[in-house]
Amino acid sequence: MAVALLEGLNEQQRAAVSAGPGPVLVLAGPGSGKTRVLTHRIAYLIQEIGAYPGGIVAVTFTNKAAGEMRARVENILGGRLQGLQIGTFHAICARLLRREADHTQHRHDYLIYDTDDQVALVTQALNELNLDVKKYRPRQLLDHISGAKNELIPPDKYQMKSYLGEIVRRVYERYQELLIASNARDFDDLLMDTALLLRDNDEVRQKYQRFYEFLLVDEFQDTNMAQYELVKILAKPQDNVFVVGDEDQAIYGFRGADYRNVLQFRRDFPDAKVILLEQNYRSTQIVLDAARAVIDKNTHRTPKALFTDQIGGQPVTVYEAYSEVDEAEYVIQRVDDLRKQERLDYRDIAVMYRTNAQSRALEEAFIRSNTPYRLIGGVGFYKRREIRDLLAYLRLINNPDDAVSFARVVNVPKRGIGKKSVEDLQRWALKQRYTIGQALAALAQGEPSSLPASAVRKLVDFHALLAGWRELNAVGDLSALLEDVIVRTGYTLHLHESSDRPEEAMERQENVNEFRALLKQDRAKPLGEFLEDISLVADVDTLAEEKNSVTLLTLHAAKGLEYPVVFITGIEEGLLPHLRSLDEPDGMAEERRLFYVGLTRAMRHLYLTYAFRRMTYGDSSPSLPSRFLGDIPARLVQGVSAGLANRRNYQTYQESLRWDDDSPWENKASDKEATWPDASALVDAARSRIRGQIQPFGQGAPLRYRSGLRVQHPVFGEGIVIESRRSGDDEEVTIQFSKQVGLKRLAASFANLIILEG
DNA sequence: GGGCCGTCGCTTTTT
DNA sequence: GCGACGGCCC
């Protein structure tokens, strides 16, 4: 049997799977079979080492990955695995905190607040502290709070020597009180509370250290400090800890992940066996070469010698679209070609992008052309207003103290309990040290309060409504409960009254029906369990295999997946790399890794597209191809990309502005030399190779302005021409003006430009 | 308390 | 270009 487990694995994979007890670090390049190694490792532990399945914990990045891993292990061992725990850090912690509720500040039936709930609660905290919501953005404060939690700093330990720091401390403190009063935790609390509980409570810690004999962690490069702390604690005392990761695929720095944990692991476990998986089984040589050229420009990384048996392959196709609409149409055309010419299925194809907002133009094109697709993420089902309303009712039924849900539905549909009454109630509750549920119950029992009698009457009615549902819930039929909520609140009528257009009402009604159907399936599930399940699902978790359709997803969501054909769209400056990444430490390097993750999802063919102009916030503005594109050697590329010819001028100009990678990790000198060595060669080669495939824009009559020209504009001042194209009878000139003015695209006949030199 | 209308800010990425 | 929120008036 031992032979079977190791059969078909290469030498390094075998070494990893059969490594002796003690710490193991597997550095696994993309497509190197790391999931295979993990599943075989679990099987090996059970079958060869004789480990008890209940003593094994495997941590994955998504619930879907957890499900797949479990299925694969069951498949290998041919049976159900009693007690084997596979899940995300968040899910595993959530369960532990329920079991150990007696040692925590929350009850076992606490609920999990998502980002929207968090914002609502921070806003409430700000109001209570008489702080201006305009001045202190809840999102920004939450970033600080989240950062503190990821570093295991509770409110009373929070210190930051600045005025803002003091504000954060006060908000954090109140926010946390409100969470506890609501018997709720946010995502970060799941990790922080577990780590602190295990760290500070000897009895609990020893219990789990004894119980969890073997620990395995996937995607280790994307763990944050709290998660790593958990790894270190749970690994003890035997240190049977097996982690798998790839620094080059670290893309969650924004939520506190630190790939340097990989280095730290080697320091914390000096005896760790380090194994490199370098053979790639996924992609062609060309795909790998392109990806390597991109990632090689990141410094401070362990160099890996990724190789594949799949020599050669199809060249990477680069396409310059006119707009995001054109880009989407190009994708559709290629999809059609791929099906007809290469007999590929829709399911073999994925379209990736940096931001969710980009999915819109793509979706419209897919709908127009009747091409089946499925969207991962985006404005998720559970983010829809009508679903959140109904969910809030269910949550409030489950937990009377849920302040956020209470505030959401107390007057939806309208029942005459306005802002004033709610604020009065909150203030009174605060003064009496009541939770929101206690306050409501007290009013119902006739306790005197500072609220006007009419408001009290309406609140008591609302309380009675909730009490009725709680009784109904005791019957244990979720579906019946939801139907009763919809009927008694008159939610259907509300839906139609609150919609501007009839189609909108229909759409919302459709969503409600979908939610109903969902609950019907799960009708026997206890309410609390149902609520937990839906609060921990990721967008990728909903990715269903059966349907034959093209997958649309963000680069982040693509991690761990693979497709024969991959399109990466919107490869433009400001989008990939994203503008916002520029002021983050390590931001540019992370954007590069994100692009690398996208590139390495492709098995056979890569399409890279960018648009000449793109719609943002309702108006169309010019854009430039990403600096990353120029890092892919011309010999790997085919396609027309007229814009690239102008990159040299643009690059020179950008350097003079010093709007450059300002990450301390990047090596600027080498970047300057190497960024666009092949740009013009690329365009020339591409043009001759695929003459006639795509007509580049702006060909034909001679143009008055050319790139590199310095010009003067009466209003915008001096600038440099990036490029110029024919546009009808006129000429459309793209000019980079001063930093304040930025990039402009002007019609030559109206712009009154004076040519200075060139 | 509710409805209407204007302003503002926004979109990075997710458990 | 859209949704959230505040100011205004009934």
Side-chain angles (χ1 to χ4, degrees), chain A residues 59-66 87-94 112-116 118-120 123 127 132-134 137-140 143 146 149-150 185-191 219 222-224 226-227 250-257 352-360 376-380 382-385 411-424 452 454-455 458 497-498 500 504 532 534-541 553-559 570 574-584 587 590-591 593-595 597-598 615-620:
Chain A
V59 186
T60 57
F61 204 71
T62 62
N63 292 301
K64 178 166 179 281
T88 62
F89 272 111
H90 291 88
I92 289 168
C93 289
I112 299 165
Y113 275 0
D114 68 15
T115 318
D116 288 347
Q118 288 179 277
V119 170
T123 309
N127 286 334
D132 186 2
V133 185
K134 278 260 158 67
R137 302 232 115 54
R139 294 265 172 189
Q140 188 200 348
D143 278 348
S146 174
K149 289 183 175 181
N150 287 331
R185 285 186 166 97
D186 63 21
F187 285 119
D188 301 315
D189 286 336
L190 296 175
L191 305 176
E219 306 282 7
D222 277 322
T223 51
N224 62 31
Q227 289 166 326
I251 54 173
Y252 282 91
F254 70 91
R255 69 175 207 216
M352 303 174 186
Y353 36 81
R354 176 69 233 268
T355 66
N356 281 308
Q358 287 168 255
S359 71
R360 193 161 166 173
I376 313 291
V379 180
Y382 290 108
K383 285 235 164 18
R384 307 264 157 81
R385 193 172 61 201
N411 204 28
V412 174
K414 302 245 173 310
R415 46 176 75 89
I417 306 173
K419 212 175 138 215
K420 175 91 170 36
S421 303
V422 174
E423 274 173 15
D424 284 350
S454 65
K458 289 173 198 157
E497 283 175 351
S498 64
D500 301 335
E504 186 189 324
E532 164 145 357
I534 61 172
S535 61
L536 288 176
V537 291
D539 294 325
V540 234
D541 295 339
L553 74 180
T554 63
L555 288 163
H556 281 90
K559 184 160 94 158
L575 208 49
L576 183 66
H578 199 279
L579 207 59
R580 295 281 287 263
S581 69
L582 294 172
D583 42 48
E584 274 166 35
E590 181 148 313
E591 295 293 302
R593 292 193 292 268
L594 191 54
F595 188 38
V597 166
M615 193 82 97
T616 9
Y617 299 139
D619 54 21
S620 181

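Proteins come first, then strands; the chains are lettered A, B, ... in the order of their sequence lines, and each starts at number 1.
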Non-neighbouring partners of [X] that pass side-chain hydrogen bond (donor to acceptor under 3.5 Å, both in side chains), sequence neighbours left out:
X: T616(A); value: S621(A)
X: R415(A); value: Y393(A)
X: D189(A); value: K149(A), Q176(A)

Provide, to the nearest angstrom, the distance between the [atom1] atom belonging to [X] and the [atom2] atom belonging to [N].
X: K559(A); N: dT15(B); atom1: NZ; atom2: P; answer: 10 Å
X: D143(A); N: dT15(B); atom1: CG; atom2: P; answer: 17 Å
X: R360(A); N: dG1(C); atom1: CZ; atom2: P; answer: 9 Å
X: D188(A); N: dT15(B); atom1: CG; atom2: P; answer: 13 Å

R593(A) and E590(A) ion-paired at < 4.0 Å: yes
Could you go through nucleotides 2-5 of chain B and list every protein N or O atom that sits under 3.5 Å from one of its N or O atoms, giving the distance for each pair?
{"unit_1": "dG2(B)", "atom_1": "OP1", "unit_2": "G416(A)", "atom_2": "N", "d": "3.2"}
{"unit_1": "dG2(B)", "atom_1": "OP2", "unit_2": "N411(A)", "atom_2": "ND2", "d": "3.1"}

task: Look at T115(A) and dT14(B) and indicate whether a side-chain polar atom (N or O) is within less than 4.0 Å of OP1 or OP2.
output: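 Indeed not, no polar side-chain atom of T115(A) lies that close.
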task: Measure from the side chain of F187(A), starting at C-beta and using heavy atoms only, and say which of dG1(B), dT15(B), dC2(C) lies closest.
output: dT15(B)
- request: Classify every nucleotide of nucleotides 6-13 of chain B by which part a protein heavy atom approaches to under 4.0 Å, writing B for the base, S for the sugar-phosphate alone and - for neither, in 5'-to-3' order.
  value: ---SBBBB
Residues two or more places apart in sequence or in another chain: which of them pass side chain to side chain contact (heavy atoms under 4.5 Å, CB included) with [X]?
X: S620(A); answer: R613(A), M615(A)
X: L555(A); answer: M352(A), I568(A), L576(A), L594(A)
X: D222(A); answer: F61(A), A250(A), I251(A), Y252(A), A257(A), K559(A)
X: A226(A); answer: L152(A), L191(A), N224(A)

- request: Report the residue (T123(A) or M615(A)) whose heavy-atom-nearest nucleotide on DNA chain C is the more 5′ of the two.
  value: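 In this pair, the answer is M615(A).
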